[in-house]
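Notes follow the structure.
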Amino acid sequence: MNPFLHPEEDDDTPPLPKPIEGLHEIGPPPFLIKTFEIVEDPNTNHIVSWNRGGTSFVVWDLHSFSTFLLPQHFKHSNFSSFIRQLNTYGFRKIEAERWEFANEGFLLGQKHLLKSIKRRASSFASSSSSIQDPCIELRKEKQLLLMELVSLREQQQTTKSYIEAMEQRIEGAERKQRKMMSFLARAMQSPSFLHQLLKQRDMMRLKEIEVEVEERERGSSMSELETLALEMQGYGKQKNVKEEEEDMVVERELDDGFWEELLSNESLASTSSN
């Protein structure tokens, strides 16, 4: 017997068995495993695939995904049901214009992270709140649409009033243009027509000037001697009237006022042409 050997070493008792590591650990849910395998499959990248960074997956062809992949892995073709399952496990839609979903534990090449994704606890309260939230959002959208509709109607009414005003202005301009053309046609047919018309207008203007001068003299506090002295110096009524006549004839311009007065007096034009 070897004295250097310890008695414990001579014992042939087998060691106690140790539990296998990870034996009692709960693996990822089948839904997550199947979804991960669908996204990882390179043969279906034209239907569903990872994004460029591998942090989310995108369903590119919704019809093919619902028609072929869902029945093959989940025994149904309801894409809405698939989305509800994603929401149950905390996935979120990150793009408004395409079906792209993301989860912190759902990453490219890291299948072991699937066990970190937990299913959300479902209760009646949470389901009722999820039902009420869309209703509230729909009411808000309805109010916004009504406000926008009222604003558009106000803009339409303003635009309509502006168009009507422009149409009236255009009609007035066309009517004035027709009168001017008629006047020019008469003037070309009778060379003395314009001269007679201007002469009659001058006479009317002279009468207005005489009335203005009379009113001015009535309102003046000038004595008779001062008035007589001014008349002797040539600044009396006759010279003032004569100078105003000359200025009126020399400074006459065919402005808008002239045309309006001329064209509005149709009876005067018809009398002169006869």
Side-chain angles (χ1 to χ4, degrees), residues 15 17-153 155-156:
K18 297 180 179 180
I20 301 175
E21 185 177 357
L23 179 63
H24 298 287
E25 292 183 0
I26 300 175
F31 172 79
L32 296 179
I33 296 176
K34 292 179 180 180
T35 303
F36 190 88
E37 291 175 353
I38 292 174
V39 178
E40 283 275 278
D41 188 359
N43 296 323
T44 59
N45 282 345
H46 61 287
I47 301 176
V48 58
S49 68
W50 296 100
N51 68 346
R52 292 184 179 180
T55 57
S56 63
F57 71 93
V58 185
V59 178
W60 303 106
D61 189 345
L62 181 61
H63 177 72
S64 299
F65 186 84
S66 302
T67 304
F68 301 107
L69 296 184
L70 286 181
Q72 181 179 355
H73 294 82
F74 299 102
K75 297 181 180 180
H76 69 82
S77 59
N78 193 339
F79 186 70
S80 299
S81 177
F82 176 76
I83 293 177
R84 284 195 295 270
Q85 286 290 329
L86 291 177
N87 293 333
T88 302
Y89 287 98
F91 284 80
R92 63 187 186 280
K93 190 172 184 295
I94 61 175
E95 286 291 338
E97 299 180 356
R98 62 185 182 184
W99 299 102
E100 183 172 357
F101 305 92
N103 188 299
E104 295 179 355
F106 199 87
L107 302 176
L108 172 63
Q110 301 187 37
K111 190 175 183 180
H112 63 281
L113 295 179
L114 296 179
K115 60 184 179 181
S116 64
I117 301 176
K118 305 299 181 182
R119 186 183 181 91
R120 291 179 178 178
S122 59
S123 62
F124 178 78
S126 61
S127 61
S128 61
S129 63
S130 63
I131 294 174
Q132 292 177 359
D133 288 342
C135 296
I136 296 174
E137 293 296 328
L138 289 175
R139 291 192 187 100
K140 292 180 180 180
E141 292 180 1
K142 181 180 179 181
Q143 292 294 331
L144 293 175
L145 290 175
L146 289 176
M147 293 174 62
E148 186 176 357
L149 180 61
V150 172
S151 177
L152 290 175
R153 286 180 177 175
Q155 294 180 5
Q156 182 182 10

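Given the structure is predicted, the values throughout are model-derived calculations rather than measurements.
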If you look at every heavy atom in [X] and [Y], which pair is closest and at what distance?
X: Ile33; Y: Pro28; value: CD1-O, 3.6 Å
X: Ala102; Y: Ser56; value: CB-CB, 3.7 Å
X: Ser116; Y: Gly105; value: OG-CA, 4.0 Å

task: Determine whether the aromatic ring centres of Phe79 and Trp99 lie less than 6.0 Å apart.
output: yes
- request: Quick one: list whatever passes salt bridge (charged side-chain N to carboxylate O under 4.0 Å, His left out) with Glu40, sequence neighbours left out.
  value: none
query: How would you list, by chain and number, every residue that makes a salt bridge (charged side-chain N to carboxylate O under 4.0 Å, His left out) with Lys111, sequence neighbours excluded?
result: Glu37
Gap separating the [atom1] atom of [X] from the [atom2] atom of [Y], nearest 0.5 angstrom:
X: Arg92; Y: Glu104; atom1: CZ; atom2: CD; value: 6.5 Å
X: Leu114; Y: Leu32; atom1: CG; atom2: CG; value: 6.0 Å
X: Glu95; Y: Asn51; atom1: CD; atom2: CG; value: 9.5 Å
X: Thr44; Y: Leu69; atom1: OG1; atom2: CG; value: 5.5 Å
X: Asp61; Y: Asn45; atom1: CG; atom2: CG; value: 13.0 Å

message: Please determine whether the number of non-hydrogen atoms from other residues, nucleotides or ligands lying under 6.0 Å from atom CD of Gln110 exceeds 12.
response: yes
- prompt: Take atom NE2 in His46; do more than 12 heavy atoms of anything else shown fall under 6.0 Å from it?
  reply: yes
- prompt: Could you go step by step and tell me if Val39 and Phe106 meet the side-chain contact (heavy atoms from CB on, under 4.5 Å) rule?
  reply: CA-CA 10 Å; Val39 178; Phe106 199 87; 4.3 Å; yes
- request: Check each of Ile38, Thr35, Leu62 against Val48 using the side chain to side chain contact (heavy atoms under 4.5 Å, CB included) test, and report the only one that passes.
  value: Ile38
Side-chain donor/acceptor of Lys118 to backbone N/O of Arg120, under 3.5 Å: no
Backbone of Arg98 reached by a side-chain donor or acceptor of Lys93 within 3.5 Å: yes
- request: For the pair Ile47 and Trp60, evaluate side-chain contact (heavy atoms from CB on, under 4.5 Å) and give the outcome as yes or no after the intermediate values.
  value: CA-CA 5 Å; Ile47 301 176; Trp60 303 106; over 6 Å; no
Give every donor-acceptor pair under 3.5 Å between a side-chain atom in residues 81-90 and any protein atom, sequence neighbours left out.
residue, atom, partner, partner atom, Å
Asn87, ND2, Ile83, O, 3.4
Thr88, OG1, Arg84, O, 2.8
Tyr89, OH, Arg119, NH1, 3.3

Ring geometry between His76 and Phe74 (parallel below 30°, tilted from 30 to 60°, perpendicular above 60°): tilted
task: Please name the residue in the list Trp50, Phe91, Phe57 that meets the ring pair (Phe, Tyr, Trp, His ring centres under 6.0 Å) test with Phe101.
output: Phe57
